[in-house]
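Inspection log for the structure reproduced underneath, given as structure tokens.
So you know, we letter chains A, B, ... as the sequences are listed, proteins then strands, and number each from 1.
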Number of protein chains: 2
Amino acid sequence: MTRPPAQVTVLPPDDDVTDPLESFDLAGFLPYRLAAAAARISRAFAERYREEFGISIPEWRVLAHLHHAGPVSVRDIEARADMEKSKASRAASRLEQAGYITKAVNNTDRRLLQLELTPQGRALMRRILPVAMQFQAEMRERLGPAAEGLDAALDVLLKSPAPPPRGD
Amino acid sequence: MTRPPAQVTVLPPDDDVTDPLESFDLAGFLPYRLAAAAARISRAFAERYREEFGISIPEWRVLAHLHHAGPVSVRDIEARADMEKSKASRAASRLEQAGYITKAVNNTDRRLLQLELTPQGRALMRRILPVAMQFQAEMRERLGPAAEGLDAALDVLLKSPAPPPRGD
DNA sequence: TTGACAATGTTGCACCTGCAATGAATCTTT
DNA sequence: AAAGATTCATTGCAGGTGCAACATTGTCAA
């Protein structure tokens, strides 16, 4: 390695500077890491729910939103539970079939549906919610102090640019 | 409901204590928030890649891992790119069809495949990687100081309990 | 060597998903 | 009021996905 003449500005040698494009590693790529982490959590969550209650994540989201917000339309679920409307519609149909919710036409605007928990649906939620809270608690415990940082980051990512709430 | 006799310990009134189960809100539920945020990011990422390069996220992951690690087997991709093996296998087939990778049998162990980038595959990566880095940079910029917290949390979530690397 | 067992990659299958098209109801404009 | 535009929910369809079964190859103990 020859040295540049004295008057030329000395630059750091490139030899041991790895090209960030050449050395690109998926394992350090933020979008990948976020997707992989979410997939793991969702899978663990879905397994517990399927085994114990026989419901899927889309169904869980519909139930949870109904429990929180009372009678709502499919459109509400699309917006508030982050699901494409056909996904919400199908999840609602399965839940109706299972007897956990009812569908009724809204008499004020008959384009809208009124989805509502049945007594069985409410009973199911009383069993499910403690499990959900426990799951979340385990997750926070595992995260330790990093939980706050995660919350802050998710606030940012879920905030403004709300592209049409599509599916997963 | 009859009142207990007077000598029973008087408990604080429940009236203004909101039951955390009754008031449960999906919007504050960590697993949901993580899944929703990841879905948004992945969607934005997938859109850019599909429009600009015609590849999907599974295909991007295979390409990225090949670029980083050189010739690898499907099993390697399953482990290192967090994809169920049939997903990895199909993504690899599509990439082979498109001329971006080759499949060859490993002569040392003929159960294994050797997936390898073609010159076209390497050329594609040279175009894609700057876009990926830019996407990540925009994400970090948007996160601001929360980016560090997110990294720390993802470290935890992706660390130990590595359940069999399934799909998304 | 042989035979049982494990690892690797592919594929059939049933299911889920997103998108676009549809039908019904409502709103807006003229 | 009539016509066109808009909103809401459902559904047909094409494609992706996970899981289990399978064929092939390798490993290891007897």
Side-chain angles (χ1 to χ4, degrees), chain A residues 35-36 39-40 42-44 46-47 49-51 54-62 71-97 101-116 163-168, chain B residues 35-36 39-40 42-44 46-47 49-51 54-62 71-97 101-116 163-168:
Chain A
R40 285 195 194 176
S42 287
R43 165 167 288 269
E47 246 166 57
Y49 269 46
R50 185 173 40 75
E51 288 169 5
I55 67 171
S56 67
I57 285 188
E59 287 153 18
W60 145 255
R61 287 191 187 177
V62 171
V72 294
S73 67
V74 171
R75 175 69 182 133
D76 279 322
I77 296 174
E78 177 176 10
R80 305 268 313 267
D82 202 64
M83 295 198 297
E84 204 259 347
K85 62 182 177 175
S86 65
K87 199 172 179 175
S89 173
R90 283 159 173 150
S93 293
R94 288 192 293 265
L95 290 171
E96 184 191 28
Q97 190 66 25
I101 71 170
T102 57
K103 290 185 189 176
V105 280
N106 180 327
N107 282 321
T108 307
D109 182 340
R110 286 162 50 195
R111 292 170 303 183
L112 298 178
L113 280 190
Q114 287 234 345
L115 306 181
E116 197 164 8
R166 313 302 185 84
D168 290 0
Chain B
R40 285 196 194 176
S42 287
R43 165 167 287 268
E47 246 166 57
Y49 270 45
R50 185 173 38 77
E51 288 169 6
I55 67 170
S56 67
I57 286 187
E59 287 152 18
W60 145 255
R61 288 191 187 176
V62 171
V72 295
S73 67
V74 172
R75 175 70 181 134
D76 278 322
I77 296 174
E78 176 178 9
R80 306 267 314 264
D82 202 63
M83 295 198 297
E84 203 260 346
K85 62 181 179 176
S86 66
K87 199 172 179 175
S89 172
R90 283 160 173 148
S93 293
R94 289 191 294 264
L95 289 171
E96 184 191 31
Q97 190 66 25
I101 72 171
T102 57
K103 290 185 189 176
V105 280
N106 181 327
N107 282 321
T108 308
D109 181 343
R110 286 164 49 198
R111 292 170 302 182
L112 299 178
L113 280 190
Q114 287 233 347
L115 306 182
E116 197 165 8
R166 314 301 186 85
D168 291 1

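- Between its two ends, the helix from dT1(C)-dA30(D) to dT30(C)-dA1(D) turns its axis by 20°, counting five pairs per end and rounding to 10 degrees.
- With sequence neighbours excluded, the residues satisfying side chain to side chain donor-acceptor pair (under 3.5 Å) with S93(B) are K103(B).
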Q: Report, as a single string ordered 5' to 3', how protein heavy atoms within less than 4.0 Å touch nucleotides 5-12 of chain C: B base, S sugar-phosphate only, - not at all.
A: -BBSBBBB
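- With sequence neighbours left out, the salt bridge (charged side-chain N to carboxylate O under 4.0 Å, His left out) criterion links R50(A) to no other residue.
- For S86(A), the side chain to side chain donor-acceptor pair (under 3.5 Å) partners at least two apart in sequence or on another chain are E84(A).
- The nearest whole Å value for the distance from the NZ atom in K87(B) to the C1' atom in dT17(C) is 12 Å.
- Not counting sequence neighbours, the partners of S56(B) by the side-chain contact (heavy atoms from CB on, under 4.5 Å) test are P58(B), E59(B), R94(B).
- Taking atom CD of residue E78(A) and atom C1' of nucleotide dC19(C), one finds them 12 Å apart after rounding to whole Å.
- If you take CD1 of I77(A) and C1' of dT10(D), they are 14 Å apart, rounded to a whole angstrom.
- Mapping E59(A) and T108(A) onto DNA chain C via the closest heavy atom, the residue that lands nearer the 5' end is E59(A).
- S42(A) pairs by the side chain to side chain donor-acceptor pair (under 3.5 Å) definition with nothing, not counting sequence neighbours.
- Summarising the local packing, CD of E51(A) is surrounded by more than 12 heavy atoms from other residues, nucleotides or ligands at distances under 6.0 Å.
- Taking atom CE of residue M83(A) and atom C1' of nucleotide dT17(C), one finds them 12 Å apart after rounding to whole Å.
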(Q) Using side-chain contact (heavy atoms from CB on, under 4.5 Å), reason through L113(B) and N106(B) one step at a time and then give a plain yes or no. (A) CA-CA 5 Å; L113(B) 280 190; N106(B) 181 327; over 6 Å; no
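- Distances shown here put a side-chain N or O of R43(B) below 4.0 Å from the OP1 or OP2 atom of dC19(C).
- When the side chain to side chain donor-acceptor pair (under 3.5 Å) test is applied to S89(A), no partner is found at least two apart in sequence or on another chain.
- Taking atom CD on E47(B) and atom C1' on dG18(C), their separation rounds to 12 Å, with Å as the unit.
- With rounding to whole Å, N107(A) atom CG is found 10 Å from dT26(C) atom P.
- Judged as a salt bridge (charged side-chain N to carboxylate O under 4.0 Å, His left out), and not counting sequence neighbours, the contacts of R111(A) are D109(A).
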